[in-house]
S.K.: 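Take this structure, written in structure tokens, and hold onto it; I'll ask about it next.
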Amino acid sequence: MAKDVILALDFPTLSETLAFLDRFPDEKPFVKIGMELFYAEGPAAVRAIKERGHQIFLDLKLHDIPNTVKRAMAALSRLNVDMVNLHAAGASEMMRAALEGLTRPDGTRPLLIAVTQLTSTDDKTLKKELLIDTPMAETVRSYAQNAARSGLDGVVCSPLEAAEIKAACGDRFVTVTPGIRFADSDAGDQKRIMTPEKAAKAGCDYLVMGRPITQAADPVAAYRRAIQDFLG
Ligand code: C5P
């Protein structure tokens with residue numbers, strides 16, 4: 001299975017994003033484009049970054065009725081991105097419709113990854129606002145299993161959950177993990193963090209790293225360090 005470091009391009013404009021990518025002389029990092037850049041600059045931003053030869057994780061977390069998600073996913077698939085995601089809370093019918101929409105006429109498709117519960121949701125919110133009495137860990141595991149049964153490729157999860165997700169959903173079920181920090185880097189607002197070396201041992205497949213690379217004095221050196229620590 002492919003393993004890689006995905007660089008989170010959390011910049012507000014395409015020009016800042018491209019200026020950042022210009023700093024990489026040799027390698028073409030796998031990158032993540034989120035809502036901020038996509039809603040500001042649209043599909044043109046995806047095309048511009050794709051034209052430079054990057055693999056792209058388009059992190060838009062779709063969640064709507066099955067038919068709408070299917071048609072939206074077909075549009076994203078035509079952008080030739082490599083990975084997209086949705087909320088598993090949309091349930092199995094929506095996830096299966098998403099897969100159908102993503103599949104191109106030649107049978108290829110981007111990887112489809114589920115978000116289980118957002119890490120910003122705590123146990124209290126789960127119970128009091130979402131009215132889910134099942135504890136968080138069990139909810140996350142059950143949503144991941146629904147995603148696996150619906151044919152999805154994996155989930156976004158904490159590196160601390162990766163081993164449990166693999167145990168519940170199978171070793172080939174992909175884990176995409178933010179919350180990665182070098183031992184000597186600032187945690188920022190991330191609370192449950194892991195180093196790239198430990199994440200490799202924990203069974204993470206794709207590390208999502210933003211600030212430890214984008215805010216580093218030398219981003220290229222930080223990216224190379226992450227790749228070296230993770231892939232050896
Ligand atoms: O800068 P940092 O390494 O914390 O960036 C992590 C990236 O992963 C950000 O784009 C953030 O929005 C995203 N993310 C996250 N935690 C989640 C899901 C996504 O940090 N649970």
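Counting starts at 1 for both ligands and their atoms, in listed order. Note that the structure is a prediction, hence the values are computed from the model and not measured.
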S.K.: Relative to the heavy atoms of Val208, which atoms of ligand 1 are at a distance of less than 4.0 Å?
M.R.: 7 (C), 8 (O)
S.K.: May I ask you to test the Lys50-Asp82 pair for a side-chain heavy-atom distance under 4.5 Å?
M.R.: yes
S.K.: Geometry only, no angles: is Thr119 polar-contacting ligand 1 at N/O separations under 3.5 Å?
M.R.: yes
S.K.: How does Arg211 reach ligand 1, if at all, at less than 4.0 Å between non-hydrogen atoms: by side chain, backbone, both, or neither?
M.R.: both
S.K.: Which protein heavy atom lies closest to atom 12 (O) of ligand 1, and at what distance to 0.1 Å?
M.R.: Lys32 NZ, 4.2 Å
S.K.: Is Arg224 salt-bridged to Asp26, going by a charged N under 4.0 Å from an acidic O?
M.R.: yes
S.K.: Under the ring-ring contact (aromatic ring centres under 6.0 Å, His included) criterion, do Tyr206 and Phe57 qualify, and how do the steps go?
M.R.: CA-CA 11 Å; Tyr206 291 93; Phe57 170 20; 8.6 Å; no
S.K.: Does a side-chain N-to-carboxylate-O contact under 4.0 Å join Asp205 and Lys166?
M.R.: yes
S.K.: Give the minimum heavy-atom separation between Arg104 and Val81, together with the two atoms involved.
M.R.: NH2-O, 3.2 Å
S.K.: Evaluate Pro212 for polar contact with ligand 1, using N/O atom pairs at a separation under 3.5 Å.
M.R.: no
S.K.: For ligand 1, which is the ligand I care about here, please tell me if Asp59 has any N or O atom under 3.5 Å from one of the ligand's N or O atoms.
M.R.: no
S.K.: Pull out every atom of ligand 1 sitting under 4.0 Å from any heavy atom of Asp10, numbered as shown with elements.
M.R.: 9 (C), 10 (O)
S.K.: Find all atoms of ligand 1 within a distance of less than 4.0 Å from any non-hydrogen atom belonging to Pro178, and give their numbers and elements.
M.R.: 8 (O), 14 (N), 15 (C), 16 (N), 17 (C), 18 (C), 19 (C), 20 (O)
S.K.: Any atoms of ligand 1 less than 4.0 Å from a non-hydrogen atom of Gly210? List them with their elements.
M.R.: 1 (O), 2 (P), 3 (O), 5 (O)
S.K.: Name the option, out of Lys61, Arg181, Gln215, Met209, that contains the heavy atom nearest to atom 2 (P) of ligand 1.
M.R.: Arg181
S.K.: Under 3.5 Å, is there a donor on one side chain and an acceptor on the other for Glu161 and Ser158?
M.R.: no
S.K.: Quick one: sort the Phe20 and Phe11 rings into parallel, tilted or perpendicular, breaks at 30° and 60°.
M.R.: tilted
S.K.: Does Gly34 reach ligand 1, in the sense of a heavy atom lying below 4.0 Å from it?
M.R.: no
S.K.: Apply the salt bridge (Lys or Arg N to Asp or Glu O under 4.0 Å) test between Arg211 and each candidate in Asp10, Asp189, Asp186; give the one that qualifies.
M.R.: Asp189
S.K.: By number and element, which atoms of ligand 1 are closer than 4.0 Å to a non-hydrogen atom of Gln190?
M.R.: 4 (O), 6 (C), 15 (C), 20 (O)
